[in-house]
Amino acid sequence: QVQLVESGGGLVQTGGSLRLSCAASGRTWSIPAMGWFRQAPGKEREFVAAITWRGGATYYADAVKGRFTISRDNTKNTEYLQMNSLKTEDTAVYYCAVVGLQRSTWSGDYWGQGTQVTVSS
């Protein structure tokens with residue numbers, strides 16, 4: 001099993017930036033890729049970004065391309081999500097996850113507890 005702990009959420013104004021972190025522990029050697037999802041009130045959880053653990057290939061949802069950057073530090077078993085030019089529609093609970101790609105859809109196998117990101121106008 002893999003345990004995930006997120007940090008870095010908070011309140012920011014439109015146009016501001018936040019950086020989320022997610023530290024993995026446990027069977028980290030088995031991680032193929034990690035990613036971020038988010039869930040806004042009244043909406044379904046949606047994919048945000050993913051990064052392969054070895055090669056570092058990155059993938060983004062169209063809604064965040066050019067504004068968010070996913071990265072990882074294998075030595076620390078930690079992934080990051082740098083969020084710039086934040087919009088009110090980015091307000092959500094953000095979850096990190098160990099992810100896999102099946103039939104062009106990213107899905108999570110292990111999940112963090114979630115961290116709230118609120119963007120005010």
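We count residues from 1, following the sequence as given.
Taking 4.5 Å as the limit, every side-chain heavy atom of V117 sits out of range of all side-chain heavy atoms of D90. Residues Y110 and I31 have side chains not in contact (no heavy-atom distance under 4.5 Å, counting atoms from C-beta outward). Side-chain contact check for L81 versus T69: every heavy-atom pair is 4.5 Å or farther apart. Looking at heavy atoms from C-beta onward, I51 lies in side-chain contact with E79 at the 4.5 angstrom threshold. Proximity of T91 to S120: side-chain heavy atoms (C-beta onward) are nowhere separated by under 4.5 Å.
Judged by distance alone, the side chain of Q102 and the main-chain N or O of W106 form no donor-acceptor pair under 3.5 Å. A distance-only check finds a donor-acceptor pair linking the side chain of T52 to the backbone of A57 [under 3.5 Å].
By the rule that hydrophobic residues join a cluster once side-chain heavy atoms approach within less than 4.5 Å of another member, I70 and V64 end up as members of one cluster. M34 is not connected to V93 by any chain of hydrophobic side-chain contacts under 4.5 Å among Ile, Leu, Val, Met, Phe, Trp and Tyr, and they are in different clusters. A continuous path of hydrophobic side-chain contacts links V2 to W53 [ILVMFWY only; heavy atoms under 4.5 Å]. The same ILVMFWY cluster, assembled from side-chain heavy atoms under 4.5 Å apart, contains both L20 and L86. Note on L11 and V119: separate hydrophobic clusters, where clusters join Ile, Leu, Val, Met, Phe, Trp and Tyr whose side-chain heavy atoms are under 4.5 Å apart, directly or indirectly.
Put simply, CD on E6 and SG on C96 are 4.0 Å apart, with the number rounded to the nearest 0.5 Å. Rounding to the nearest 0.5 Å places OH of Y94 at 9.0 Å from CG of L18. Rounding to the nearest 0.5 Å gives a distance of 12.0 Å between CZ of R45 and OG of S107. Between atom CZ of residue F47 and atom OH of residue Y60 there is a gap of 9.5 Å, rounded to the nearest 0.5 Å. Atom-to-atom distance recorded for N74:CG and R54:CZ is 10.0 Å, nearest 0.5 angstrom. R72 CZ to Y80 OH: the interatomic distance, rounded to the nearest 0.5 Å, is 11.5 Å.
Heavy atoms of other residues, nucleotides or ligands lying less than 6.0 angstrom from CD of Q13 number 12 at most. The 12-atom threshold is exceeded at CD of Q113, counting heavy atoms of other residues, nucleotides or ligands nearer than 6.0 Å.
By the 4.0 Å N-to-carboxylate-O rule, K65 lies close enough to D62 to be salt-bridged with it.
Aromatic ring centres of F37 and W111: separated by under 6.0 Å.
Of the candidates T78, D73, N77, D73 is the only one forming a side-chain hydrogen bond (donor to acceptor under 3.5 Å, both in side chains) with T75.
Of all non-hydrogen atoms in V98 and P32, the two that sit nearest each other are CG1-CD, 4.0 Å. A pairwise comparison of heavy atoms in A40 and A92 identifies N-CB, 3.8 Å as the closest pair. Among all heavy-atom pairs drawn from S85 and S17, the shortest one is N-OG, 4.4 Å.
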| query | How far apart are the C-alpha atoms of F68 and N84, what are their side-chain angles, what is the distance that settles it, and do they pass the side chain to side chain contact (heavy atoms under 4.5 Å, CB included) test? | reply | CA-CA 6 Å; F68 291 11; N84 299 328; over 6 Å; no
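Geometric assessment of R38 against the ring of Y95 yields a negative cation-pi assignment under the 6.0 Å and 45° thresholds.
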